[in-house]
Number of protein chains: 2
Amino acid sequence: MSRTAPTPTAPRSGPDAKVRPDIIAAATRVFSERGYHAASMSEIAEIVGMRKPSLYHHVRKKEDLLFAIHEQMIDELIDETMTVLSSSESPSEKVRGVLRVAMSFVARHRDGVTVFLQERSAVSGERWNELVVKRDFYEQMVSRIIAEGTGSHAFVDVPPAIAAKAVLAMANWGYTWFQPGGPLTAEQVADAFAAIALQGLETR
Amino acid sequence: MSRTAPTPTAPRSGPDAKVRPDIIAAATRVFSERGYHAASMSEIAEIVGMRKPSLYHHVRKKEDLLFAIHEQMIDELIDETMTVLSSSESPSEKVRGVLRVAMSFVARHRDGVTVFLQERSAVSGERWNELVVKRDFYEQMVSRIIAEGTGSHAFVDVPPAIAAKAVLAMANWGYTWFQPGGPLTAEQVADAFAAIALQGLETR
DNA sequence: GGCTCCCTACCGACCGGAAGGTCGAGTCCG
DNA sequence: CGGACTCGACCTTCCGGTCGGTAGGGAGCC
């Protein structure tokens with residue numbers, strides 16, 4: 001057949017087993033387009049060029065695919081944001097950096113981010129907790145940057161948690177409207193958002 | 001029977017017929033909790049105290065319920081925001097007003113807003129366009145306020161469309177985290193967001 | 001008051017379809 | 001030979017939606 005995976009990927013050996021990347025990619029596309037519950041395993045199978053029963057040779061349950069997407073997204077996002085956090089820039093520059101990373105992430109992984117943000121409640125049970133922890137951790141990273149700014153009086157005295165919500169909202173909401181081929185690049189948008197978040201709209 | 005609707009509500013006379021409010025309320029709750037596709041008509045029927053076939057006496061299709069919720073939300077939101085837009089306040093005050101209206105809206109109609117923002121793509125066909133037009137109109141309202149501010153040099157020179165995205169993002173994203181019984185009221189959150197959007201995080 | 005008529009609301013039973021998931025048999029390749 | 005991989009047929013479950021029939025109350029009439 002016209003298979004493309006050379007590595008003999010260990011098949012469904014556990015709940016956390018590696019799944020073939022093209023399958024994850026197909027699932028990401030279908031989940032993002034139709035929504036998790038409306039998406040069918042048959043359609044995912046068809047995209048990767050097999051039938052549904054074959055797909056179940058690589059995946060245990062439909063939910064495993066959803067979880068894998070979620071995990072991959074939040075792990076990568078945390079990883080990329082970490083480099084910003086651990087830099088020696090000023091709090092302002094870190095906020096700008098967070099926004100740049102986040103917007104660039106949205107631009108590069110549109111479908112994945114859509115699934116990650118829109119299908120938040122579809123993951124159930126044990127693994128849901130794991131994701132909540134990581135999401136909270138990510139938010140804490142941003143919160144800490146802002147606390148750093150207010151601590152050094154570089155930032156106005158607003159509750160860091162609320163300010164973090166505001167900054168994250170700008171980036172997260174991007175998945176609903178940002179088009180990678182549009183008039184503005186992700187970096188330009190991120191910088192515009194950073195300007196608003198840091199200096200505000202009013203003239204000085 | 002123990003009915004409570006005294007008015008002989010005209011039953012399913014057309015696609016735009018009025019549906020009993022308790023049915024809309026039940027659908028809103030179920031759609032918000034389970035997601036549109038995962039929600040079942042039986043569960044909605046059960047909440048309002050009837051069986052599925054009886055529910056279909058009041059509603060033609062499942063999608064009609066979804067559409068009704070969407071329409072109700074966007075219509076009310078536009079209506080409330082209109083009063084802000086048509087006031088004679090300064091652009092800054094109007095931005096604050098928009099955020100107050102939006103956050104208060106989120107607080108009062110949590111489930112409805114959740115459906116409205118999360119189940120955006122589940123509406124199909126003709127009526128979807130109608131909703132897109134209204135959503136764009138709402139966004140234009142905010143965009144215009146900001147253009148007004150940049151025009152009078154009260155606001156910094158940023159593209160109004162981008163600034164509108166930023167402002168709306170803060171409010172829209174609220175549905176994912178704001179708890180009406182939490183430490184901050186909707187108005188307090190809105191004012192904090194307005195402060196960030198207008199003056200920025202950096203000290204002057 | 002009784003009586004019929006009719007319309008609204010309600011429901012048990014049912015249908016067609018589609019979905020997630022399984023099974024057993026086959027193929028290919030090291 | 002054996003394990004990875006594929007698939008046709010199949011099972012179960014559930015869902016959106018329909019159908020035929022029933023209860024009940026108001027309107028009109030005698």
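None of these values were measured; they are calculated from a predicted model.
Nucleic acid contact class of K52(A) (heavy atoms, under 4.0 Å, all strands): base. Nucleic acid contact for A39(B): sugar-phosphate only, since backbone atoms but no base atoms lie under 4.0 Å from a heavy atom of the residue.
Other residues, nucleotides and ligands place more than 12 heavy atoms under 6.0 Å from the CZ atom of R135(B). A 6.0 Å sphere centred on CZ of R51(B) holds no more than 12 heavy atoms belonging to other residues, nucleotides or ligands.
E46(A) places its CD atom 11 Å from the P atom of dC7(D), with the value rounded to the nearest Å. For M50(B) and dG12(C), the CE to P distance is 13 Å, given to the nearest whole Å. Straight-line distance from the CD atom of E43(A) to the C1' atom of dA18(C): 13 Å, rounded to whole Å. Rounded to whole angstrom, the span from the NE2 atom of H58(A) across to the P atom of dG21(C) amounts to 16 Å. Going from atom CD1 of I23(A) over to atom C1' of dT6(D) covers 12 Å, rounded to whole Å. At whole-Å resolution of the value, CZ in R51(B) and P in dG16(D) are 16 Å apart. With rounding to whole Å, M41(B) atom CE is found 22 Å from dC14(C) atom P. The CZ atom of F31(B) sits 8 Å away from the P atom of dG16(D) (whole-angstrom rounding).
Distance alone, capped at 3.5 Å, is enough to place a donor-acceptor pair between the R120(B) side chain and the L117(B) backbone.
Of the side-chain N and O atoms in H57(A), none sit less than 4.0 angstrom from OP1 or OP2 of dT6(D). Within the 4.0 Å cut-off from OP1 or OP2 of dG20(C), not a single side-chain nitrogen or oxygen of H37(A) is found. Between R20(B) and the phosphate of dC10(C), there is a side-chain N or O to OP1/OP2 separation shorter than 4.0 Å. Put simply, S54(B) has no side-chain N or O that comes within less than 4.0 Å of OP1 or OP2 on dA9(C).
Ranking dC7(D), dG16(D), dG12(C) by closeness to the K62(B) side chain, first place goes to dG16(D). Distance from the side chain of K61(B) is smallest to dG17(D) among dC23(C), dG17(D), dG21(C). Between dC19(D), dC10(C), dT22(C), one nucleotide has an atom nearer to the side chain of P53(B) than all others, and that is dC19(D). Distance from the side chain of Y56(B) is smallest to dG17(D) among dG17(D), dC11(C), dA9(C).
Taking the six-membered ring where tryptophan is involved, the planes of H109(A) and F105(A) are tilted, since the angle between them lies from 30° to 60°.
F67(A) does not carry K62(A) over the face of its six-membered ring by the limits of under 6.0 Å from the centre and within 45° of the normal.
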